[in-house]
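We count residues from 1, following the sequence as given.
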Amino acid sequence: DLPSAGPGTYIDWHQLGDSEDTRRRGYFGLHHPLDAQESTYPPRFDPPVIVAGEPLPLPPASLRGGYAPDDDAMYLRWGKFDHDFILNIAGRYLDLQRPLRILDFGCSAGRVLRHFELERQSAGWRIHGVDPQAMLIEWLRSFWPSAYDVSTTNVVVPVVPFEDNYFDVIYGISVFT
């Protein structure tokens, strides 16, 4: 069982055992309130955008944070460009055909993360994302498969519920802007 903890309690995630234990994912998110404008749980979202040929729904314009909110094709191209850039760099150092673990640090509503679906299905990649905006993480949890392991982080000390050296690839795009 997961430990009971109140506000300000430190939990050493490394002592909880198996790093694959997804029970930690839901628990970790409870430490962070949903965004201030929401007072109820579960939150209410605008409907996701379904694009023909896309395996995952797009977030509604209200959750795109300035990334082409009114242009679905541009939103997809922009994310794909960053995905390809990351693969190009990772491919210089890693065998991309083996099952890798990747973290999108500051994943928002999955603009880039979504494009790793092919690697997840063909090479068995484990896809993870963290973001301090709990509302965006909850949207991902609500509309994407649970194979995408997403968690909230704290904006002051971005602790993530994974052991050291767990990831093969970590990237962050526009995290501090």
Side-chain angles (χ1 to χ4, degrees), residues 2 13-29 45 48-60 63-65 67-68 71-153 158-177:
L2 295 174
W13 292 102
H14 306 288
Q15 293 180 4
L16 291 180
D18 184 10
S19 62
E20 305 292 323
D21 187 350
T22 57
R23 294 177 305 156
R24 294 183 305 167
R25 178 179 68 173
Y27 177 79
F28 194 74
F45 296 109
V49 176
I50 306 301
V51 174
E54 284 297 315
L56 300 169
L58 277 64
L63 295 181
R64 293 190 192 176
Y67 288 100
D71 187 339
D72 298 340
M74 176 59 87
Y75 182 83
L76 288 167
R77 277 194 310 273
W78 205 344
K80 179 71 168 129
F81 176 86
D82 289 335
H83 161 271
D84 294 348
F85 181 76
I86 293 160
L87 278 186
N88 184 26
I89 293 170
R92 296 177 196 169
Y93 306 98
L94 300 168
D95 175 5
L96 302 182
Q97 299 308 310
R98 71 179 185 88
L100 299 176
R101 292 181 249 188
I102 186 166
L103 172 66
D104 184 336
F105 185 80
C107 66
S108 189
R111 181 181 64 85
V112 178
L113 204 60
R114 68 178 305 102
H115 294 283
F116 288 100
E117 178 66 8
L118 177 63
E119 290 80 11
R120 184 181 77 79
Q121 292 202 11
S122 65
W125 285 28
R126 301 206 43 145
I127 311 296
H128 304 273
V130 295
D131 200 280
Q133 298 179 75
M135 189 66 73
L136 300 177
I137 294 299
E138 193 58 35
W139 184 86
L140 288 169
R141 288 180 178 174
S142 297
F143 295 102
W144 282 19
S146 62
Y148 286 82
D149 188 5
V150 293
S151 302
T152 55
T153 58
V159 177
V160 293
F162 304 100
E163 62 190 53
D164 291 350
N165 300 314
Y166 177 80
F167 295 104
D168 300 293
V169 176
I170 300 173
Y171 67 89
I173 298 172
S174 193
V175 172
F176 298 107
T177 58

[X] side chain near [Y] side chain, heavy-atom distance below 4.5 Å:
X    : Y    : answer
V169 : L103 : no
L58  : I50  : no
F143 : L56  : no
P59  : L140 : no
R126 : L100 : no
D131 : T153 : no
Y67  : W78  : yes
D104 : V130 : no

Please check if the side chain of R114 supplies one atom and the backbone of E54 the other of a donor-acceptor pair under 3.5 Å. no
Tell me the closest heavy-atom pair linking [X] and [Y], and the distance in Å.
X    : Y    : result
A134 : T152 : CA-CG2, 3.4 Å
R120 : A147 : NH1-CB, 3.3 Å
F45  : S142 : CE1-OG, 4.0 Å
L96  : A123 : O-CB, 3.8 Å
A68  : M74  : CB-CG, 3.7 Å

Going by the rule ring-ring contact (aromatic ring centres under 6.0 Å, His included), which residues pair with H83 if we only count those two or more places apart in sequence or in a different chain? F116
Sorted by chain and number, sequence neighbours left out, ring-ring contact (aromatic ring centres under 6.0 Å, His included) with Y75 holds for none
Using salt bridge (charged side-chain N to carboxylate O under 4.0 Å, His left out) as the criterion, list what pairs up with D71, not counting sequence neighbours. none
For E119, check salt bridge (charged side-chain N to carboxylate O under 4.0 Å, His left out) against everything at least two apart and list the hits. none
Kindly indicate, with the supporting measurements, whether the criterion side-chain contact (heavy atoms from CB on, under 4.5 Å) is fulfilled by I102 and Y171. CA-CA 8 Å; I102 186 166; Y171 67 89; 3.7 Å; yes
Atom pair OG (S108) and CD1 (I137), whose distance is rounded to the nearest 0.5 Å: 8.5 Å
Sub-6.0 Å ring centroid separation between F162 and F167: yes
Give a yes or no on whether the ring-centroid distance for H128 and Y166 is below 6.0 angstrom. yes
Is the number of heavy atoms from other residues, nucleotides or ligands within 6.0 Å of CD (Q97) greater than 12? no
Applying salt bridge (charged side-chain N to carboxylate O under 4.0 Å, His left out), which residue pairs with at least one partner in residues 74-84 are found, sequence neighbours left out? K80-D84, D82-R111
Salt bridge (charged side-chain N to carboxylate O under 4.0 Å, His left out) pairs touching residues 85-100, sequence neighbours excluded, are R98-D168
Do the side chains of R64 and D72 get close enough for a salt bridge, i.e. N-O under 4.0 angstrom? yes
State which residues pass side chain to side chain contact (heavy atoms under 4.5 Å, CB included) with Q121; sequence neighbours excluded, sorted by chain then number. E117
For P60, check side chain to side chain contact (heavy atoms under 4.5 Å, CB included) against everything at least two apart and list the hits. D46, S62, L63, W139
